[in-house]
Amino acid sequence: MQTHSEPNNPSIIETRNLGKSVPSSEGELHILSSVDLIIKPGESIAVVGESGSGKTTLLSLLAGLDTPTSGSVFIKGRDITVMNEDGRAALRNELIGFVFQSFQLLPGLTALENVMLPLELSGDGNAEAAARALLERVGLARRLTHTPKQLSGGEQQRVALARAFVTRPAILFADEPTGNLDSKTGAHVIDLLFELNREQHTTLVLVTHDASLAARCGRMIGLAAGRML
Amino acid sequence: MKRFGLALRLLLRDGRSGELTLLVLALLIAVASATTISLFADRLQRTLTVQAAEFLAGDLVLAGSMPIDDAWRRRATGLGLIPSQTVEFSSVLLENEQMLLAAIKAVSQGYPLRGFLKTLETEAGAESQIAHGPQPGTAWVEKRILSALNLHVGDMLTVGEKPLQVTRILTYEPDKRGDFYSFSPRVVMHQADLPATGVIQPGSHVHYFYQFIGEETALVAFKKWLKPQLNPSQRILDIHEDRPELGSALQRAERYLGLSSIVVILIAGAAIAMAAGRYTERHFNTSALLRCLGCKQREIFRLYTVQFLVLGMLTSAIGCLLGWLGQLGLFYVLKPLLPQQLANPSLLAVVFGFVTGMAILLGFALPPLLRLQKVSPLRVLRRDLEPLPAKAWLIYGLAIAIMSVLVWRYSNDWQMTAGIVGIGLSSLLVLGLLVTGMLKLLRPWLPKLGLTWRFGLQGLLRNSRASVSQILAFSITLAAMSLSFTVRSDLIDQWRQQLPERAPNYFALNIIPAQQPAFAQDLLRAGIDSSAFYPVVRGRLVEINTEAVQKRVSKDSQGEAAIHRELSLTWAPAIPADNSITSGEAWSADQAGWVSVEQKLADNLGIKVGDDLRFTVGGAQVSARVANIRSLQWDTMKPNFYMIFSPGTLNDFPLTYLTSFYVPDAEKNLLNQLLKTYPATTILDVDQILKQFKTILMQLTQAIDLLLYFALAAGFTVLFAAVYATLDDRIRQGALLRTLGARRDWLRKTHLVEFGVLGASAGILAAAISQAILYVLYSRVMHIPYEPSWLAAATLPGIGMLSVGLAGYWGVRAVVDQSPLRVLRRL
């Protein structure tokens, strides 16, 4: 496991002494402690561990969704822990895509509109064409006008994949992407995820407790009680 | 704006997905009803003002005992006003050896500027409206003239030295006054014939009336210009000054209309706050996701603000349109009751509806909306993360500020605004604490209750803050509705009391003391009830504590009017039962030298208990000390007096008697008999005035009823919207309970318990709030005696329990009727 960056091969994500604790009635509760991590561009990393090991916390800190109580996170060499929330939001818009366990599609929007959303947010005038192309790529060309309610779980997650890749993000964070799906559907979604990841040379950080899924990643990071194994 | 297109698309999508339905509905109701009421009230008010102007046959009338300077008329026409003129005097008519004192009125071209005359072409003909006076050479007369002088239509009638042909029988004139000139039968002639009558000589007792109509601004300018130039015998009349009884009815009606507008806005405001709260909560996830996808806080705020602005403008515009239609509908329904000439709807009232919509939306929706930008992006991973509630001062401050401005705009009365907002707020604060306490007290009892009650009440206690605000919101709604209803009833009762079915419609003046017992006997024999017979001595107030009374008065005040003419002075052993002493003491029967003064006049002239007043009666002087000040209702049509003396003070002066009585239409002949039997007595006819007044009151009552139904309907619709806005949590829990095996019946019962208790608590609070507001409204603003409305207080909890219980029960049918899986999936 690497703990420092190499000058010739700059990291896309790097953490130094990253920690997160919250106050509790029995004193400070350490959710994550002293995580040092370097991830290179194009790598695929699986973060594995049991429930409560700190996987989701690590993901939220890496993606700038939350702020650490100690240490720093660098994305493309920029320390996101010193940025304010709006700075981090801009960074997310520019570099990061997400896939969530609960899909997180907006219920009122159609499949196409859900995929268009991140492009629209960044002011891309070509949102619709790009979204159509990607939905076609994930096999949902005929489902463009369907709302999430009208889609199965697998279809919803494929829409979420299309939404995540439509901005061609440098980094994709996936939080238990198959957690809500049966194994066959899950496998199909994962195949798609890895295909798209390869096509776009995206850096993938995948949180899972599924060993077979983790095994498909280039590297595995184990967490237990908030510490890296 | 870069994101404007995106905001619009999001809005469209939200609209399509039904997220906005509730909010739009609440706003639509608010704007539609506010616009309807604003338009309706505005039109009605302007119509009524015009109609009231008919009473004067003009918008503004200058009355005096001499012709006005020509420059004044030029000034009026220069300002764009249209003038007309009437000259009134009495003259003895002599035909067929019969003699009759008649009230002659010579009218100019253009008369009546407002309203119309009603006439018959023959004695048996049908009544028709006519918008001008008689042609030169002709006269229109009242039937009494024909019968008293044995004349018929077509006969000649000589006024002074001028013979005129009677061409019509006059049945109605808009500007008939309840004063000296109204009691004799009327002859209307053309002004061009006036010189030929030779009646008007220098020193003749003649009254000149100059009517003007035109734009409000021109009228105001003219009045302002005119006032300083008036001599003591000249007076400006307009509806508010000249007809106090009508003025106060109009004023109260206007205030009521304003109040119903406030009621709807208040209810809608509560509903919009709830709907916006729900909208916000349902958009936490979207905001979190948007932030996750890179939206900055300010952008999120802008995104939603733009959406709400567009939504507000669209909805308000549609609401205005609906309001316009609603108002047309109201006028259509009320057509038979309303004057034929309706004022046009004013665009300003529509604009006001629109502005109201935007203001309510932003005032009530902005604070919850502000929470959206505070949603942590981490919520995409942890759904339980909710942003902090908006700051209390922001939520309440903005809503209160906007409400205050709106209430003020409607009532145009800071006192009323402060009363409503102040009492409302402090009650809310106290009541909020009270409800919180009540809920806390309930908690220890829960384990002792049956499962159904326990679950129902737990629904309330689980989120006690939300429950408190719901109870308060419902109680505001209920209080507002009850307020609207009670004020309407009391207002109408008050009017009815003022003018009972058999309110006196005739006054008999100048009854000679020797004939008074016979006169009373004649009335009694004809089965006519009369009020008491008051002895009257005509006298003028000249000094207050040896100071000339002229020094005490301001121009155009009631006091000025009172000191420039002789007052009817009376005496009585005790003041009349419907007068009440506001300061000082009553006298005992044998104390001479005391006087009781009417309160408004006393205030006007600065008269206090213990002051010495000096009067001139004929050539003599008489003094009396003020024993008390008393208030009375001027618009009861009973004899009322500024000055009542203790017995023995005026007894030595020549006196006549005065009484009032009610004569049904069928027995009007009696009047002629009385006039023949008692030629010295004058009969003052207030029947026409009374009828006009009653018609206006009836129309006002009908309009008020309709507005009330409208407010009630709006209230109930919004009430339901409010219940619906709080359902998500309950639906979720209900679905969960059903998954765990709860039966539908049982769930229904828990909902009934929960909403029933919610409604009943709201009803109790509503009773307290409405009574507090009523007290302030009545005692400070509307000047109606306040009596606690026990009926409202007793029924409100029941009404609250039923309405909220049923609305809640109906709203949560989804929990009970749909499969729990579908509910859970959807949420």
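As the structure is a prediction and not an experimental result, all values here were calculated from the model. Each chain gets a letter, A, B and so on, in the order its sequence line appears, and its residues count up from 1.
Not counting sequence neighbours, Lys374(B) has no partner by the salt bridge (Lys or Arg N to Asp or Glu O under 4.0 Å) test. With sequence neighbours left out, the salt bridge (Lys or Arg N to Asp or Glu O under 4.0 Å) criterion links Arg137(A) to Glu195(A), Glu199(A).
Interatomic distance, CG of Leu378(B) versus OG1 of Thr57(A), reported as 8.0 Å (0.5 Å rounding). To the nearest 0.5 angstrom, Thr167(A) atom OG1 is 8.0 Å from Leu293(B) atom CG.
Using a 4.0 Å cut-off between charged side-chain N and carboxylate O, Arg291(B) and Glu85(A) make a salt bridge.
Heavy-atom neighbours of His209(A) NE2 from other residues, nucleotides or ligands within 6.0 Å: at or below the threshold of 12.
Here the side chain of Arg92(A) pairs a donor or acceptor atom with the backbone of Cys292(B) at under 3.5 angstrom. Of the possible polar contacts, one joining the Asp86(A) side chain to the Gln297(B) backbone as a donor-acceptor pair under 3.5 Å is found.
Of the atoms belonging to Ser376(B), it is side-chain heavy atoms, and not backbone ones, that fall under 4.5 Å from chain A. At a 4.5 Å heavy-atom cutoff, the contact between Arg163(A) and chain B is made by side-chain atoms alone.
Taking each heavy atom of Cys295(B) and Ala89(A) in turn, the nearest pair found is O-CB, 3.4 Å.
Side-chain contact between Phe100(A) and Leu289(B) is present, with heavy atoms from C-beta onward closer than 4.5 Å.
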* Using the side chain to side chain contact (heavy atoms under 4.5 Å, CB included) rule, take Asp175(A) and Val380(B) through it: C-alpha gap first, then chi angles, then the decisive distance, then the call. => CA-CA 10 Å; Asp175(A) 179 32; Val380(B) 293; over 6 Å; no

